[in-house]
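Reading through the structure tokens given below for one structure.
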Amino acid sequence: MGPSEEDRHLRFEGDADCEPAPLPTLRHSSSHVMAQAVKELFPDVKLAIGPAIEDGFYYDFAKPEPFTAEDLERIEARMREIIRKDLPFVREEMPREAAIRFFGTRGEPFKVEILNGLDAPTVSLYRQGDFVDLCRGPHVPSTGQIKAFKLLSCSGAYWRGSEKNPMLQRIYGTAWLSQADLDRHLWRLEEAKKRDHRKLGRELDLFVFHDVSPGAAFWLPKGMVIFRELERFYREVHDARGYQEISTPILVNKRLWEESGHWEHYQENMFLVEVEEQVFGLKPMNCPESSYVYRHHLRSYRDLPLRFSELGRLHRFERSGTLAGMFRVRQFTQDDAHIYCRPDQLQAEITGVIEIVQLLYGTFGFEPRFFLSTRPAKAMGDAALWEQAETALREALQKRDVPFEVRVGEGAFYGPKIDAVISDVLGRDWQLATVQCDFVMLPERFRLDYVDADGQGKRPVAIHRAIYGSFERFVGILTEHFAGAFPTWLAPVQARVLPVSEKTAAYGRSVFERLRDGGIRVELDDRNEKLGYRIREAQLQKVPYTLVVGARESQEGTVNLRRRNEEDSAALPVAAVVDGLTREVTSRSLTLTVGRS
RNA sequence: GCCGGUGUAGCUCAGUGGCAGAGCAGCUGAUUCGUAAUCAGCAGGUCGUGGGUUCAAGUCCCACCGCCGGCUCCA
């Protein structure tokens, strides 16, 4: 975990408060202009900090009452005035002691607190018009440089990021080099809102949440189809690669969690139940129990590697304010697996996992980026083993010919790891897959061993890995990525048959039955509604293929096939539709191919 | 957990102390229809929950719960 925005901003060592590139500089300057506008409109507020962040900027203010939407409009209008005046940003330097007096007399306690924490003899201030702020820069030459910006929202934020500190009022804004860039960003925000999986999940009957179980989804029949297709794909891939699926208890005696260390380190995130004077916990992770499966037999070096996969349902207590649809839940299904191997097998095993990551993600059109995290300061376990494992991870990535970034010292205390990050169609990043080597947690705590060729007991290495991460979050991401228009193999309903009128209802039923017998998820919509109405509904439900059948089609043994979001349609023999759909589903195609020449 | 917002029919929302509403969805009937909404009728409510103020509470006050945007958290 790197330093937070606050940490970076408050440190005041080095020479800049933001990356000296044009865009971060512009955003940083925008935050100063916003602070000036706020001070002019609300002279009593105290200034905290205001850095550039991804996509924009914020500034924190101490103010008894929160800012309202109307306040934001006034602030934005005042910012435009300041920009129109084209005030130059002027840098001044001052001895630290003088700066403390300066901000003291201006009634800015947070600035004084920051200055008191610095050891620099001299600090810099930036001034535009009557506004002065403690700041290392850089800034744009003058306020007139800021053209494309917008204030977005305000919310509470703790001073210095600690919940023990007073809560400040934070205003977020976004700023770009051109109006076109700003418009694109605002469009993306709008589009994200439209694609919100909580909304689509309800509209498409995939899943819902109820207040009887905060943070746990009710999977509806159509959502469960997607869940099952993901499982099917997962099992197909893993069965073919020597994984053995297991399933372990969800409710487990506290003794296990004491043994694994979760009782000491993770208890506050666990749901506990007391029965017959014994305490049980809902499992927050699968790993401890996986080691029980390992220990079920005495293992030989010839048995290794052992690859145990488990689609385990986990519960983690997340604080109420942190839940967010499928993205942050209390109950989820992890596509977990634990590989137990000898140190000399590490590289081959990691290579295999990366191959699976590429295969699974590639099927959804995601291109994963990989990050290798190496030994942290507080690491446990044998140094030579660390060295060997880091080399194995590196070689595995090279062997799969994937570029990767190294995050020095970011590994877990029990071993190095590889994380994979994907970007969705709106450019948002998601960290999903993780591959972690483990020399300590499972092998040491559970005293795992195998009998080596020399007859001696040896300790295996464990690899924890998940690809989707959790089915819940992954389906949430897919829903937004595809805007509900899932590829045919995932689509809850793959085709819908619409007889034009009752006169062709019988033929419509026969077409429906042929598709159903062909293993296609098909629905017959022979309701007493006009064709246009039923077409519209199929489109809104994002059904990939709509098959219209009328007198012509019933004579010729064809259907009139219309693809999702296309207006053209064409007649096709029923057999060709079944074949085409089967091929498309079997190949897990990302595009609609049936009826294309 | 903290700050703020919010909660009225399955969904989207109106209703600022005086008879709980609309559109869509649902049901019934008519219409038998060729590629994004046919017409008519009917039914649908613990106004999140619990207290309080008031002659009277969806509306005002308090507490709790859920949700939304952030913060914090995510060994």
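The sequence lines fix the lettering, A, B, ..., with proteins before strands; numbering per chain opens at 1.
Evaluation of atom-type donor-acceptor distances gives no pair under 3.5 Å for the side chain of A/Gln169 against the base of B/G70.
Close to B/C24, at under 4.0 Å from its OP1 or OP2, lies no side-chain N or O of A/Tyr533. OP1 or OP2 of B/A37 has not a single side-chain nitrogen or oxygen of A/Arg534 nearer than 4.0 Å. Listed pair A/Tyr172 / B/C71 meets the phosphate criterion, a side-chain N or O lying under 4.0 Å from OP1 or OP2. Residue A/Arg198 has a polar side-chain atom (N or O) positioned under 4.0 Å from OP1 or OP2 of B/G69. At B/G10, none of the side-chain N or O atoms of A/Arg202 fall inside 4.0 Å of OP1 or OP2 (strictly under the cut-off).
Rounded to an integer number of Å, the gap from CG of A/Asp568 to P of B/A36 is 11 Å. Atom CG in A/Leu323 sits roughly 11 Å away from atom P in B/G69 (whole-Å rounding).
Relative to the side chain of A/Ser501, the nucleotides B/G66, B/U32, B/A36 differ in distance, and B/U32 lies closest. Each of B/A36, B/C67, B/U38 was ranked by its minimum atom distance to the side chain of A/Lys530; first place goes to B/U38.
For A/Arg407 and A/Phe371, the positive end sits near the middle of the six-membered ring, less than 6.0 Å away and at most 45° from its axis.
If you check every strand for non-hydrogen atoms under 4.0 Å, A/Met270 touches nothing. At the heavy-atom level, A/Glu268 lies nowhere under 4.0 Å from the strands shown. Using a 4.0 Å heavy-atom criterion, one finds that A/Gly321 contacts the bases of the nucleic acid, with or without backbone contacts as well. Among the heavy atoms of the strands lying under 4.0 Å from A/Leu540 is at least one base atom, whether or not backbone atoms are also near.
Between A/Glu310 and A/Lys283, at least one side-chain nitrogen of the basic residue sits less than 4.0 Å from a carboxylate oxygen of the acidic one, meeting the salt-bridge criterion.
Ring geometry for A/Trp176 against A/His185 counts as tilted: the plane angle lies between 30° and 60°, on a 0 to 90° scale.
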Scan the side chains in residues 539-549 of chain A for donor-acceptor partners under 3.5 Å anywhere in the protein, sequence neighbours excluded, and list what turns up.
residue	atom	partner	partner atom	Å
A/Gln539	OE1	A/Asn565	N	3.1
A/Gln541	NE2	A/Glu203	O	3.3
A/Tyr545	OH	A/Glu584	OE1	2.7
A/Tyr545	OH	A/Glu584	OE2	3.3
A/Tyr545	OH	A/Thr593	N	3.0
A/Tyr545	OH	A/Val594	N	3.0

